[in-house]
2 protein chains.
Amino acid sequence: MPKRLICPFGQNNLLHTLSAADRTLIEPHLQHVDMDRRMVMEGPNKPVEHIYFLKSGVGSTVASSESGRRIEVGLFGCEGMSGTSVVLQTAHSSFEVFMQISGEGFAIEADKMRGLLEQSPSMQRHLLRYVQTLMTQTSQTALSNGQCKLEERLARWLLMCHDRINGDVMELTHEFLSVMLGVRRAGVTVAIHMLEGKGLIRARRGEIVILDREGLENDAQNSYGVPETEYARVIGFDRPDA
Amino acid sequence: MPKRLICPFGQNNLLHTLSAADRTLIEPHLQHVDMDRRMVMEGPNKPVEHIYFLKSGVGSTVASSESGRRIEVGLFGCEGMSGTSVVLQTAHSSFEVFMQISGEGFAIEADKMRGLLEQSPSMQRHLLRYVQTLMTQTSQTALSNGQCKLEERLARWLLMCHDRINGDVMELTHEFLSVMLGVRRAGVTVAIHMLEGKGLIRARRGEIVILDREGLENDAQNSYGVPETEYARVIGFDRPDA
DNA sequence: GTCTGGGTGTACGATAACGCACTGAAATGG
DNA sequence: CCATTTCAGTGCGTTATCGTACACCCAGAC
């Protein structure tokens with residue numbers, strides 16, 4: 001049976017799972033925004049100005065070193081948010097966070113968010129618990145980067161992305177994936193052919209379609225699943241209202 | 001000029017940098033403990049029972065997947081603490097956390113810690129800011145695992161460990177390092193010889209001595225330094241008292 | 001229609017690690 | 001002191017990925 005993060009597409013699950021009181025508190029401050037591909041939500045060593053809760057689309061957190069190496073360390077969609085450093089009470093982010101796949105979301109000013117966190121311990125608690133799942137995700141990424149073959153890492157990435165989109169079609173170029181995974185573009189092409197050869201995906205120009213999700217999970221060799229399970233446990237998908 | 005996390009050896013810097021009021025609050029609950037190598041501070045999918053603030057020694061956070069792959073995703077000494085999932089308001093940890101290099105520390109029961117966090121927003125804020133530096137560390141580990149050669153990763157690891165010990169001598173076996181870095185034991189042996197050949201370290205049976213810290217930082221090619229700088233900024237090393 | 005550029009397929013030698021296996025040296029413990 | 005265990009050094013064929021390079025294909029622009 002396939003595991004999967006059941007993302008309530010078209011609404012943000014972090015907001016959805018807030019208590020009624022907290023939702024009432026935050027809603028007046030949320031502005032609807034279109035989030036286009038490549039839109040930058042925060043930048044390294046810059047103060048976070050806005051926090052974004054996605055309703056659709058996928059965002060990516062990329063770490064970099066002074067020597068210009070880059071790699072994706074986190075990914076989120078309608079289950080998550082940007083701006084976790086505000087939740088952790090530091091103004092700055094060490095990472096670049098930007099949109100990978102266009103979508104829509106809600107923005108809130110960082111200062112307002114800080115005020116709400118102070119005002120509502122339950123909201124703070126909720127978002128802190130989300131941060132924990134993010135840490136788990138990043139840790140599993142570190143594990144994956146250190147121990148898995150490219151094919152496996154690609155399978156994992158596609159699964160995580162698939163969880164966060166509506167349907168089975170993703171608009172992605174090999175070039176783009178190579179940046180996320182921190183490998184050669186040509187390497188991605190080969191890995192994609194492997195997965196395609198096994199009938200797990202279909203690749204077209206600028207597009208990858210998931211054909212066999214369960215097969216992909218198998219191929220990912222358990223490098224998928226840990227943060228997803230944790231998310232279901234610590235956040236869940238139901239409104240807490242009685 | 002070498003960068004370096006200046007760890008106030010022999011006391012815990014997170015406790016040291018608390019406000020006087022918060023120190024008064026937490027001190028009655030702290031129990032002094034000897035922390036031997038291999039001592040387990042928390043285990044995967046188990047509730048955290050105690051939180052440890054190290055005064056000396058080094059602890060390690062290891063992520064694992066169902067298929068048994070393991071790799072270190074974080075490391076801390078007298079600058080940090082275990083049990084961050086309590087700070088993030090989830091009872092459980094996804095990781096195994098254990099001592100790598102024996103030392104001493106303070107233990108506090110998880111429930112008491114939760115109470116203190118609720119009671120003192122400033123203490124919570126302080127520890128949350130520490131969590132942010134940990135996230136940065138894990139992210140840089142993910143970057144390092146994905147993009148750097150073994151020699152570079154080893155240099156980074158040795159630097160991080162060096163920051164957290166007193167002096168330049170570390171008791172470590174190749175076997176042990178191979179687990180931390182997620183590579184073959186024989187690979188570690190070769191990498192150590194590289195660094196030794198450059199005169200950066202000296203290796204004996206079960207022991208590595210740092211000879212040229214600045215040279216090591218050079219060798220690590222900027223894969224060292226980001227979380228260390230962030231720690232200095234968000235936590236610092238001075239008491240906040242006026 | 002042709003041009004142009006982004007995206008993809010492919011090749012090939014080089015390199016970093018791997019898995020495995022065996023040896024020897026140093027510590028430990030009766 | 002000798003037996004045992006732990007740790008380190010080394011070799012060798014194999015594999016994954018790299019760097020680089022080039023040709024092709026498709027979509028939109030002119």
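Just so it is clear: chains get the letters A, B, ... in the order the sequence lines come, proteins before strands, and each one is counted from 1.
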Can a donor-acceptor pair be found, under 3.5 Å and without considering hydrogens, that links the side chain of B:Ser67 to the backbone of A:Gln221? yes
So what does B:Gly187 hit on the nucleic acid, given a heavy-atom distance under 4.0 Å: a base, only sugar-phosphate, or nothing? nothing
Rounded distance in Å - [atom1] ([X]) to [atom2] ([N]):
{"X": "B:Glu171", "N": "C:dA26", "atom1": "CD", "atom2": "C1'", "result": "14 Å"}
{"X": "B:Phe176", "N": "D:dA8", "atom1": "CZ", "atom2": "C1'", "result": "17 Å"}
{"X": "A:Leu195", "N": "C:dG9", "atom1": "CG", "atom2": "P", "result": "13 Å"}
{"X": "B:Arg204", "N": "D:dG9", "atom1": "CZ", "atom2": "C1'", "result": "16 Å"}
{"X": "B:Glu152", "N": "D:dC18", "atom1": "CD", "atom2": "P", "result": "14 Å"}
{"X": "A:Arg69", "N": "D:dC18", "atom1": "CZ", "atom2": "P", "result": "12 Å"}
{"X": "B:Arg37", "N": "D:dT6", "atom1": "CZ", "atom2": "C1'", "result": "12 Å"}
{"X": "B:Glu207", "N": "C:dA26", "atom1": "CD", "atom2": "P", "result": "14 Å"}

Should B:Arg70 and B:Glu96 be marked as a salt bridge (Lys or Arg N to Asp or Glu O under 4.0 Å) after you check the CA-CA gap, both sets of side-chain angles, and the distance that decides it? CA-CA 10 Å; B:Arg70 307 180 87 222; B:Glu96 187 170 351; 2.8 Å; yes
Sequence neighbours excluded, which residues qualify as salt bridge (charged side-chain N to carboxylate O under 4.0 Å, His left out) partners of B:Glu207? none
Going by the side chain to side chain donor-acceptor pair (under 3.5 Å) test, name the single residue among A:Asp168, A:Asp163, A:Asn218 that passes it with A:Arg213. A:Asp163
Is there any disulfide (SG to SG under 2.5 Å) pair reaching into residues 172-215 of chain A, and which pairs are they, with sequence neighbours excluded? none
Any chance you could list the contact pattern along nucleotides 10-17 of chain D? Use B for base contacts, S for sugar-phosphate-only contacts and - for none, protein heavy atoms under 4.0 Å, 5' to 3'. B-----SS
Regarding A:Thr141 and A:Arg156, is there a side-chain donor-to-acceptor distance under 3.5 Å anywhere? yes
Heavy-atom nearest nucleotide on DNA chain D for A:Arg205 versus B:Glu196: which residue maps closer to 5'? B:Glu196
